[in-house]
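Taking it in order: structure first as structure tokens, then the write-up.
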Amino acid sequence: MLVCSCNFITEQEIVDTINALLDEDCWQLIVPAKVYHAMEKRGRCCGCFPNVIDIIIRTTEDYHATRRGSTEAEIFDFMSRLKQFHDEQRRADRERRQKSHRAA
């Protein structure tokens, strides 16, 4: 399935890249920019990034469950840290000043 129409990237290419990154370091945080950089591409309109994030999560969970043989505690710890990071970033976005409240 074609995920990124700007760069003509398929889902299988993204999955293969994620698996290669996980083979290097299985507990690293993988984001769409890292995947695109590994494929020597760059996000143009970035409309595909939400789909790429879903693919990253699915592939990472599958990697740890089947290929690595990680325990449930390790996977849960990693996913909880990822959720905590996501919540912190969302909180930081809410605390920024809105464009309509600019000084001068």
Side-chain angles (χ1 to χ4, degrees):
M1 179 175 94
L2 190 65
V3 175
C4 178
S5 59
C6 297
N7 291 306
F8 301 107
I9 300 173
T10 64
E11 182 175 356
Q12 189 58 46
E13 291 173 318
I14 293 172
V15 169
D16 293 341
T17 303
I18 295 167
N19 284 327
L21 289 169
L22 289 170
D23 285 339
E24 293 173 13
D25 178 12
C26 66
W27 295 110
Q28 67 178 311
L29 180 62
I30 298 176
V31 294
K34 185 180 273 192
V35 173
Y36 275 64
H37 181 73
M39 292 189 298
E40 297 178 355
K41 310 267 184 182
R42 64 179 263 244
R44 294 185 183 169
C45 74
C46 301
C48 60
F49 277 20
N51 292 332
V52 173
I53 291 170
D54 291 338
I55 295 169
I56 290 170
I57 292 170
R58 269 196 327 254
T59 305
T60 304
E61 287 176 345
D62 181 57
Y63 181 88
H64 286 286
T66 59
R67 294 179 72 185
R68 179 125 178 359
S70 301
T71 64
E72 289 291 323
E74 289 175 321
I75 294 172
F76 179 76
D77 182 51
F78 177 75
M79 295 307 288
S80 65
R81 285 188 292 145
L82 183 62
K83 184 177 179 350
Q84 179 185 4
F85 175 77
H86 183 2
D87 291 342
E88 288 171 1
Q89 294 303 313
R90 184 177 299 169
R91 192 175 316 116
D93 286 342
R94 280 184 285 186
E95 292 175 1
R96 290 191 184 127
R97 184 178 290 206
Q98 301 295 321
K99 290 181 182 180
S100 61
H101 292 90
R102 292 185 182 184

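Excluded from the calculations below are hydrogen atoms, water molecules and symmetry mates; all remaining heavy atoms, backbone and side chain alike, are included.
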Assess whether side chain to side chain contact (heavy atoms under 4.5 Å, CB included) is satisfied between Leu2 and Ile9, documenting all intermediate values.
-> CA-CA 6 Å; Leu2 190 65; Ile9 300 173; 5.7 Å; no
Tightest non-hydrogen contact, residues Thr17 and Met39, listed as OG1-CG, 3.2 Å
Strictly by modelled atom types, are Asp23 and Tyr63 linked by a side-chain donor-acceptor pair under 3.5 Å?
-> yes
With a cut-off of 6.0 Å (strictly less than), are more than 12 heavy atoms of other residues, nucleotides or ligands near CZ of Arg42?
-> no
Nearest heavy-atom neighbours spanning Cys48 and Tyr36 = SG-OH, 2.7 Å
So, Glu13 side chain and Thr10 main chain: donor-acceptor pair closer than 3.5 Å or not?
-> yes
Is there side-chain contact between Gln12 and Met1, with at least one heavy-atom pair below 4.5 Å?
-> no
Any donor and acceptor pair, going by atom type alone, linking the side chain of His37 with main-chain N or O of Pro32 inside 3.5 Å?
-> no
Go through the steps to decide whether Arg58 and Glu11 satisfy the test salt bridge (charged side-chain N to carboxylate O under 4.0 Å, His left out), and finish with yes or no.
-> CA-CA 12 Å; Arg58 269 196 327 254; Glu11 182 175 356; 2.8 Å; yes
Which distance, rounded to the nearest 0.5 Å, do you find between the CZ of Phe49 and the CD1 of Ile55?
-> 12.0 Å
At what distance, to the nearest 0.5 angstrom, does CG of Leu21 lie from NZ of Lys34?
-> 6.5 Å
Starting at CG of Asn19, measure out to OG1 of Thr60 and round the result to the nearest 0.5 Å.
-> 8.5 Å
Atom of Ile18, atom of Val35 and distance for their closest heavy-atom approach | CG1-CG2, 4.0 Å
Quick one: does Ile14's side chain get under 4.5 Å of Val52's, heavy atoms only?
-> yes
Atom of Thr59, atom of Leu22 and distance for their closest heavy-atom approach | O-CD1, 4.5 Å
Spatial distance of atom SG (Cys6) from atom NZ (Lys41) [nearest 0.5 Å] = 11.5 Å
